[in-house]
Amino acid sequence: MHMNTPLPSTASLIAQLRQICGAANVLTHDDPGADLSPWEQDWRKRVRGKALAVVRPGSTPEVAAVVKACAAAHTPIVPQGGNTGLVVGGVPDDSGTQIVLSMTRMNAVRAIDPANLTITVEAGCVLQNLQAAAEGAGFLFPLSLGAEGSCTIGGNLGTNAGGTQVVRYGNTRELCLGLEVVTALGEVWNGLTGLRKDNTGYDLRNLMIGSEGTLGIICAATMKLYPLPAAQLTAWAAVPSMQAAVDLLGLAHQRLGPGLTGFEVMNQFALGLVDKHYPQLRVPLWQGTPWCVLLENSDSENEAHARAQFEALLEAALEAGFVSDAVVAENLTQARGLWHIRESITLAQAAEGLNIKHDISIPVSRIPAFVAETDALLAREVPGVRMVDFGHLGDGNLHYNVQAPEGVDGQVFLRENEERVNTLVFDQVLKFDGSISAEHGVGELKVGKLPDYKDPTALAMMRAVKQALDPQNLLNPGRVLTRP
Ligand code: FAD
Ligand code: 2HG
Ligand code: ZN
């Protein structure tokens with residue numbers, strides 16, 4: 001038998017999958033000219049896996065049949081949406097024994113219910129298309145993040161993504177009212193109720209959300225809609241310290257109330273990377289200040305009201321010394337430009353080289369002390385290290401990213417430092433009562449660390465849930481929880 005010839009049981013599984021989804025929707029390495037790298041390589045280029053096959057179902061019954069066939073063949077399944085995850089959670093391992101279940105063909109908007117303020121979409125719907133469908137019907141779907149042009153709502157639900165509007169609208173979990181899920185046994189749970197109140201037992205919806213493909217395959221979701229704001233204004237402020245940024249946040253809550261829909265902080269080095277790799281974006285005010293803040297005010301009255309409110313806030317902040325300089329976008333194009341700068345930090349950091357990412361959360365009040373103390377510890381531990389600090393200060397969520405010292409190769413830097421840098425940062429997070437993952441999830445990158453930082457009773461309950469719902473450990477094994 002030729003070395004690459006699949007075992008008979010594998011060959012019959014592939015044949016079965018082709019029958020379920022159509023031959024064109026089951027890709028393998030044996031197909032002439034096949035290139036599975038888009039599904040096998042993670043976004044950060046941390047890991048390159050090897051799939052047994054990439055399977056692209058077109059409907060929920062097809063997903064159920066695929067899961068049943070894989071369960072009978074003891075073949076693990078890695079669900080995947082847009083493959084923009086940052087913690088190596090959506091790509092296969094390198095064993096060549098796992099299938100990637102790519103959900104992108106299931107991308108329909110099934111229904112919009114204006115009176116119920118809900119939209120029901122399939123899991124593979126790209127977030128930007130979901131936002132556009134909502135807007136087309138006269139509503140806002142507020143989830144927003146840098147990867148929105150390629151991430152899917154299934155992936156957003158799988159990771160309980162946060163993004164830039166959480167301060168007002170909450171995480172993906174808060175935006176979801178119902179799910180349609182295929183279980184690890186290949187059964188369909190129809191939970192697309194759209195109900196805002198339902199106390200009939202355990203909250204399975206919220207268990208599935210954020211489970212990173214380890215408990216079930218999300219096939220469709222009913223999501224909340226909101227009224228479109230009458231006006232939206234964006235400001236960019238230079239602030240003298242992290243404490244000043246926290247003070248500005250307090251003032252913004254006080255003055256804008258629910259109008260405060262975005263509050264992002266960015267350090268000088270992060271903005272310097274955007275300036276270096278994307279000079280055409282023209283980053284304002286960054287050179288003369290350690291931190292900048294991006295604020296958004298969404299108003300239900302009109303633009304004049306929003307502008308007056310915003311200007312009064314910034315004047316008060318200037319007077320109090322929380323802000324040293326500020327610009328308010330004159331129009332939508334300028335506002336989009338400011339947001340584009342903020343959303344380009346991840347890409348600019350990638351262009352600079354491999355790095356160590358941390359998406360931590362800390363009580364907002366303690367962030368200034370955390371940053372000062374941890375910056376100093378890291379500078380001592382890894383001389384010359386460059387901190388890319390930015391993120392959703394309004395939610396207490398910081399992207400506390402560590403870039404190699406100037407001139408040091410990213411690969412070498414990671415090999416020599418990742419473990420001790422993670423331990424140092426996570427120990428600090430624990431000391432400051434925070435979480436080691438606020439939004440990207442655990443995936444494979446943090447799975448080894450979770451037992452050191454998660455409450456042991458919580459971890460035991462998580463293991464019991466996994467065992468009960470996926471007794472064969474077929475769904476995304478080794479992610480979130482280590483293999484038993
Ligand atoms: P994938 O990467 O394909 O998968 C992510 C996880 O979800 C995997 O564990 C996968 O198995 C699981 N999954 C995918 N689909 C399903 C499904 N249908 N059913 C069950 N499980 C499923 N995250 C934030 O929280 N906030 C941000 O601001 C943010 N900004 C980003 C900016 C950039 C430039 C990039 C590249 C990423 C960013 N992310 C952010 C990270 C990422 O989590 C999100 O982009 C998104 O939620 C992932 O969606 P996806 O469709 O690409 O999922
Ligand atoms: C963001 O907020 C994302 O832009 C990505 O969560 C953060 O690149 C990162 O570390
Ligand atoms: Zn983020």
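Residues take their numbers from the sequence shown, with the count starting at 1. When a ligand or atom number is given, it counts from 1 through the structure's own listing order. Small disclaimer: the values here were computed from a predicted structure and weren't measured. The figures that follow rest on heavy atoms only: side chains count, while hydrogens, waters and symmetry mates do not.
Of all protein heavy atoms, the one lying nearest to atom 53 (O) of ligand 1 is G155 CA, 3.4 Å. Here the heavy atom of the protein found nearest to atom 32 (C) of ligand 1 is A147 N, 3.7 Å. Here the heavy atom of the protein found nearest to atom 5 (C) of ligand 2 is T346 OG1, 3.3 Å. Ranking the protein heavy atoms by distance from atom 19 (N) of ligand 1 puts I218 N, 3.0 Å first. Ranking protein heavy atoms by distance to atom 10 (O) of ligand 2, first place goes to N401 ND2, 2.8 Å. Scanning all protein heavy atoms for the shortest distance to atom 9 (C) of ligand 2 gives K357 NZ, 3.3 Å. Scanning the protein for heavy atoms near atom 6 (O) of ligand 2, the closest one is H440 NE2, 2.7 Å. Protein heavy atom closest to atom 23 (N) of ligand 1, with residue, atom name and distance, is H440 CD2, 3.5 Å. Distance from atom 45 (O) of ligand 1 to its nearest protein heavy atom, with residue and atom name: T84 OG1, 2.6 Å. Closest to atom 6 (C) of ligand 1, if we only count protein heavy atoms, is T159 CG2, 3.6 Å. The protein non-hydrogen atom at the shortest distance from atom 16 (C) of ligand 1 is G154 O, 3.6 Å. Considering only non-hydrogen protein atoms, atom 2 (O) of ligand 2 sits nearest to R342 NH2, 2.7 Å. Ranking the protein heavy atoms by distance from atom 25 (O) of ligand 1 puts G162 N, 2.9 Å first.
Nearest N/O/S atom of H392 with respect to the Zn ion (ligand 3) is recorded as NE2. For E439, the N, O or S atom with the smallest separation from the Zn ion (ligand 3) is OE2.
Taking the six-membered ring wherever Trp is involved, the centroid distance between the rings of F426 and H358 falls below 6.0 Å. A ring-centre distance under 6.0 Å is found for Y226 and Y169.
Remark: side-chain polar atoms of W43 are not paired, donor with acceptor, to backbone N or O of N83 under 3.5 angstrom. At distances below 3.5 Å, not a single donor-acceptor pair connects side-chain atoms of Q403 with backbone N or O atoms of M387. Formation of a donor-acceptor pair under 3.5 Å by the R168 side chain with backbone atoms of G259 is not found in this model. The backbone N or O of V87 sits nowhere less than 3.5 Å from a side-chain atom of H440 that would complete a donor-acceptor pair.
In summary, R386 and E352 engage in a salt bridge, as defined by a charged side-chain N under 4.0 Å from a carboxylate O. Salt-bridge formation is not detected for the pair R48/D94: no Lys NZ or Arg NE/NH1/NH2 atom is positioned less than 4.0 Å from an Asp or Glu carboxylate oxygen. Between R342 and E296 there is no salt bridge, since none of the side-chain N atoms of the basic residue sits less than 4.0 Å from a carboxylate O of the acidic one. Salt-bridge annotation for R110 and E180: present, with a side-chain N of the basic residue lying under 4.0 Å from a carboxylate O of the acidic one. E174 has no carboxylate O lying under 4.0 Å from a charged side-chain N of K224, or vice versa, which leaves the two without a salt bridge. E418 has a carboxylate O that lies under 4.0 Å from a charged side-chain N of R46, or vice versa, which qualifies the two as a salt bridge.
Heavy-atom proximity to G216, at under 4.0 Å, picks out these atoms of ligand 1: 20 (C). Residue A123 approaches ligand 1 through these ligand atoms, each under 4.0 Å from one of its heavy atoms: 18 (N). Ligand-side atoms of ligand 1 in range of L86: 36 (C), 37 (C), 38 (C), 39 (N), 41 (C), range being under 4.0 angstrom from any heavy atom. Residue contact check: H392 has heavy atoms under 4.0 Å from atoms 2 (O) of ligand 2. Atoms of ligand 1 found under 4.0 Å from any heavy atom of M103, numbered from 1 in the order shown, are 18 (N). The atoms of ligand 1 that sit less than 4.0 Å from any heavy atom of N156 are 46 (C), 47 (O), 49 (O). Under a 4.0 Å criterion applied to the non-hydrogen atoms of G213, ligand 1 contributes the atoms 20 (C), 21 (N). Against a heavy-atom cut-off of under 4.0 Å, T152 is close to the following atoms of ligand 1: 50 (P), 51 (O). Close approach to G81 involves these atoms of ligand 1, each under 4.0 Å from a residue heavy atom: 1 (P), 3 (O), 14 (C), 15 (N), 51 (O).
Distance check for H440 against the Zn ion (ligand 3): none of its N/O/S atoms falls below 2.8 Å.
Remark: among candidates P79, G124, A438, the nearest residue to atom 11 (O) of ligand 1 is P79, based on non-hydrogen atoms. Atom 8 (C) of ligand 1 has its nearest heavy-atom neighbour, among G391, G89, A221, G163, in G89.
For the pairing with H399, the side chain to side chain donor-acceptor pair (under 3.5 Å) check across Q349, K357, E439 returns one residue only, E439. For the side-chain contact (heavy atoms from CB on, under 4.5 Å) with F390, the lone residue among L398, L271, T346 that qualifies is T346.
For ligand 1, one of its N or O atoms has an N or O atom of N83 under 3.5 Å away. Of the polar atoms of E212, at least one N or O is found under 3.5 Å from an N or O of ligand 1, judged by distance alone.
Residue contacts with ligand 1: R479 is excluded, as none of its non-hydrogen atoms falls under 4.0 Å. For the ligand labelled ligand 2, residue H358 lies outside the 4.0 Å heavy-atom shell. Contact between N476 and ligand 1 is present, with at least one heavy atom of the residue lying under 4.0 Å from the ligand.
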Inset, instruction - Kindly determine whether E212 and E444 satisfy side chain to side chain contact (heavy atoms under 4.5 Å, CB included), including the steps that lead there. - result: CA-CA 10 Å; E212 301 182 45; E444 191 172 301; over 6 Å; no
Inset, instruction - Walk me through it: do T222 and T120 pass the test side chain to side chain donor-acceptor pair (under 3.5 Å)? - result: CA-CA 4 Å; T222 298; T120 298; 2.9 Å; yes
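A side-chain N or O of Q98 and one of D93 form a donor-acceptor pair less than 3.5 Å apart.
Minimum heavy-atom separation, L475 to G216: CD1-N, 3.4 Å.
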